[in-house]
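Worksheet: one structure, shown below.
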Amino acid sequence: MKTVILHTDTDPDYAQRASQVLKNGGLVAIPTETVYGLAANALDEKAVEKIYLAKGRPSDNPLIVHISSFAEWEPLVQTIPEKAKKIADAFWPGPLTIILPKSDLVPNRTSGNLATVAVRMPAHPAARAIIAASGLPLAAPSANISGFPSPTKAEYVIDDMNGRIDMIVDGGDSAVGVESTVITFAGDMPEILRPGGITPEQIEGVIGKIRINSAVLHPLQNGEKAESPGMKYKHYAPKAQITIYTGSKKGYFRLLEEKKAEGIYALCFQEDQANCPVPCVTMGSEKDPLSQAVRLFDALRELDEQGAQKVLARCPDETGVGLAVCNRLFRAAAFRFFYEAPILGLTGESGAGKSTVAAFFANNGFAVVDCDQIARQVAEKEEIQKQLAEAFGQDICQNGGLNRKLLAHRAFSSEEKTALLNQITHPAILRQTIEQALTFSRSGKPVVIDAPLLFSTGLDKFCDWTIAVTADEKTRLLRIMERDSISMEDAKKRTARQQKENFAERADQLVCNDDNTNYRNDLMSLIERIRSFDEKNKTRLP
Ligand code: TXA
Ligand code: MG
């Protein structure tokens, strides 16, 4: 079949020509403000049948009927309840679809054999002009091959539908980018079956409390019935396999870095692009769900165009239109999530009371990875000892053991020597620290990495949050004197030698551990914040 392509800005008679095709029982892809729709006469079973064929759509998935005036609504349904009327008045024309018990006028083919019918009045001027010119209610699902992302540009409709339908009307890019909000009045309470361009908050502002169907953000459980057949398991799916990372932005980059060698792609926010270690496609701005809605389906198609096989996506926030973005993205990913419990980096000046703070975290359910302990283990390794002996003299290894005092004496004698020691030991220490932290985190236990050199070793980049423990100088010196049984003078010398880490500037949170116990309140509220972040991430898991 040859598909005629018209442009709303260069073909002034597009509405007439499209309506002619529709009146003859043909198929026309039309622009709407949400996504492109594949339209046919909703009252003609044979025409509607062609939609299912062209899309490869399962026959039990009902279609939305599009109208251009309020008068066209009544004949399609049994009665219009007050609340339905109110939201139609508030949001039509626009991205809202209302489900009500259907009248006999609507064929079963259109309603997928359900006793209800979904109706929407689109806002796009071209859609309205075509409906009005045809004088028909138009059944129109999104104009994509069933299961693929919905088309927000005429090019994508052409990709999917060229040769399969009579006509495509190009009316520019869709402004909303995700499909309409679908709300049903068939039950005891109005319920959102599919979130979209109109948010639950907007609807509640007009008619009060509504329900949100549990399948909006979660897969159907075994045996559970889909209230909206379109919400069945896999949907909006690109060819690439998408996994959604539920943790922090830093955790996301950490995982991308780890998977870089596997050729992974990133589906991230535009703010992430500059630092992204792998090829990426962006889905709007992190703080702006409207921009994410506009971009999401495009981004999914772009990933396929770029040949992405595996994709790691950031998890959008679900507030406002973000609920619709999450709903589509979670389905595109077939509810595949990557979850890690939070990883914290803990550091602080010598004598500031870092160990006390680490113990506090341990008492509150965190695993503690102790870098000093790992450093000692690393120095036990034969391969490391060989390198140390070459650098600092064979006599530092005696009777198969390491003379730590002698090593310390030589290694801390100058800055160059200290750097050499670090060069030998740090890579192994880092590797082991990260490995231990990830093992805990991926088994669901939050982790604190106790790392004196958190920042200078770059370990901070690996942590979701960083915390620096501070205390005033006198307190620190007294603590060192007591801990190591040394004089004030020696304690001063020791702290002077230590690397300056610029904790105050670099840490996400400072905890002041002077001799009072106030720091416990600060810590407790931090732990609560981390817990609720973690709890939310966990709710994503199927
Ligand atoms: O924004 C939109 O709504 C776009 C544009 C073209 O208007 N259309 C659209 O249609 O997204 P479609 O067919 O891709 O999605 C319609 C959704 C499906 O999930 C379908 O199962 C559900 O609405 N639906 C339609 N009629 C229903 C009914 N009577 N009961 C329950 N769900 C229904
Ligand atoms: Mg669709």
Side-chain angles (χ1 to χ4, degrees), residues 28-40 42 48 51-52 54-68 76-78 91-103 106-124 126-128 130-131 137-152 156-157 160-161 169 171 174-187 191-198 213 215-216 220 225-237 293 297 324 327-328 331-332:
V28 181
I30 62 170
T32 90
E33 74 280 18
T34 56
V35 300
Y36 274 75
L38 180 54
V48 168
I51 293 180
Y52 286 89
K55 275 183 65 93
R57 181 175 175 109
S59 61
D60 68 341
N61 197 356
L63 304 175
I64 295 174
V65 178
H66 295 69
I67 56 176
S68 64
L76 300 171
V77 295
Q78 292 187 6
F91 303 113
W92 279 358
L96 177 71
T97 294
I98 301 174
I99 296 177
L100 288 171
K102 78 176 187 72
S103 73
V106 180
N108 284 333
R109 204 72 202 84
T110 300
S111 69
N113 282 319
L114 295 177
T116 51
V117 65
V119 178
R120 146 166 139 86
M121 189 191 292
H124 196 293
R128 294 167 61 75
I130 293 168
I131 301 167
L138 299 181
S142 50
N144 51 284
I145 300 276
S146 198
F148 285 5
S150 302
T152 54
Y156 295 146
V157 181
D160 279 17
M161 291 296 159
V169 177
S174 297
V176 179
V178 292
E179 305 89 337
S180 60
T181 302
V182 175
I183 185 166
T184 180
F185 285 80
E191 179 171 0
I192 289 188
L193 300 183
R194 179 181 76 181
I198 302 291
N213 191 270
V216 163
L220 292 168
K225 177 173 158 280
E227 290 301 330
S228 162
M231 297 277 259
K232 278 180 192 165
Y233 205 57
K234 191 160 173 173
H235 210 146
Y236 311 111
F297 289 138
N327 170 270
R328 309 306 191 273
R331 279 175 171 71

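Indexing begins at 1, ligand by ligand and atom by atom, following the structure's order. Source: prediction; values computed, not measured.
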Considering the heavy atoms of [X], write down every atom of ligand 1 situated less than 4.0 Å from one of them.
X: Arg120; value: 1 (O), 2 (C), 3 (O), 5 (C), 7 (O)
X: Thr116; value: 28 (C), 29 (N), 30 (N)
X: Leu114; value: 28 (C), 29 (N), 30 (N)
X: Asn61; value: 18 (C), 20 (C), 21 (O)
X: Glu227; value: 31 (C)
X: Ser142; value: 8 (N), 9 (C), 10 (O), 12 (P), 14 (O)
X: Ala140; value: 6 (C), 8 (N), 10 (O)

[X] side, atom [atom1]; [Y] side, atom [atom2] - distance, nearest 0.5 Å:
X: Ile192; Y: Ile99; atom1: CD1; atom2: CD1; result: 11.5 Å
X: Asn213; Y: Glu191; atom1: CG; atom2: CD; result: 4.5 Å
X: Glu179; Y: Ile64; atom1: CD; atom2: CD1; result: 8.0 Å

- Set of side chain to side chain contact (heavy atoms under 4.5 Å, CB included) partners for Ala175, sequence neighbours left out: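 In terms of side chain to side chain contact (heavy atoms under 4.5 Å, CB included), with neighbours along the sequence ignored, Ala175 is linked to no residue.
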
Quick one: are [X] and [Y] in side-chain contact, heavy atoms under 4.5 Å?
X: Val28; Y: Leu138; answer: no
X: Ile30; Y: Pro122; answer: no
X: Ile98; Y: Val119; answer: no

- Message: Going by the closest heavy atom to atom 27 (C) of ligand 1, which one wins out of Gly37, Ala143, Pro62, Pro141?
- Response: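 The nearest heavy atom belongs to Pro62.
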
- Have a look around the Mg ion (ligand 2) and list protein N/O/S atoms under 2.8 Å, or say none.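 Within the sphere that stays under 2.8 Å of the Mg ion (ligand 2), the protein atoms of type N, O or S are Ser142 OG.
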
- Query: Out of Val77, Leu76, Thr116, which residue meets the side-chain contact (heavy atoms from CB on, under 4.5 Å) rule with Leu100?
  - Reply: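 Answer after filtering Val77, Leu76, Thr116: Val77.
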
- Would you check if there is a donor-acceptor pair between the side chains of Ser180 and Thr97 at a distance under 3.5 Å?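 Judged by distance alone, the side chains do pair up.
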
- Item | Polar atom proximity, Glu179 to ligand 1 (N or O, under 3.5 Å) |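 No.
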
- Got an N/O contact under 3.5 Å between Ser180 and ligand 1?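 Between Ser180 and ligand 1, an N or O pair is found under 3.5 Å apart.
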
- Examine the proximity of ligand 1 to Lys55 and report which part, side chain or backbone, both or neither, has a heavy atom under 4.0 Å away.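 Neither part.
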
- Listed partners of Glu227 passing salt bridge (charged side-chain N to carboxylate O under 4.0 Å, His left out), at least two apart: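 Once residues adjacent in sequence are excluded, Glu227 has no partner under the salt bridge (charged side-chain N to carboxylate O under 4.0 Å, His left out) criterion.
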
- Task: Please state whether Lys102 comes within less than 4.0 angstrom of ligand 1, counting heavy atoms only.
- Result: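 False for this residue.
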
- Item | Exam field: side chain Thr181 to backbone Leu96, donor-acceptor pair closer than 3.5 Å |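 Side chain of Thr181 to backbone of Leu96: no pair is present.
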
- Query: How would you list, by chain and number, every residue that makes a ring-ring contact (aromatic ring centres under 6.0 Å, His included) with Tyr36, sequence neighbours excluded?
  - Reply: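 Tyr36: no ring-ring contact (aromatic ring centres under 6.0 Å, His included) contacts found.
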
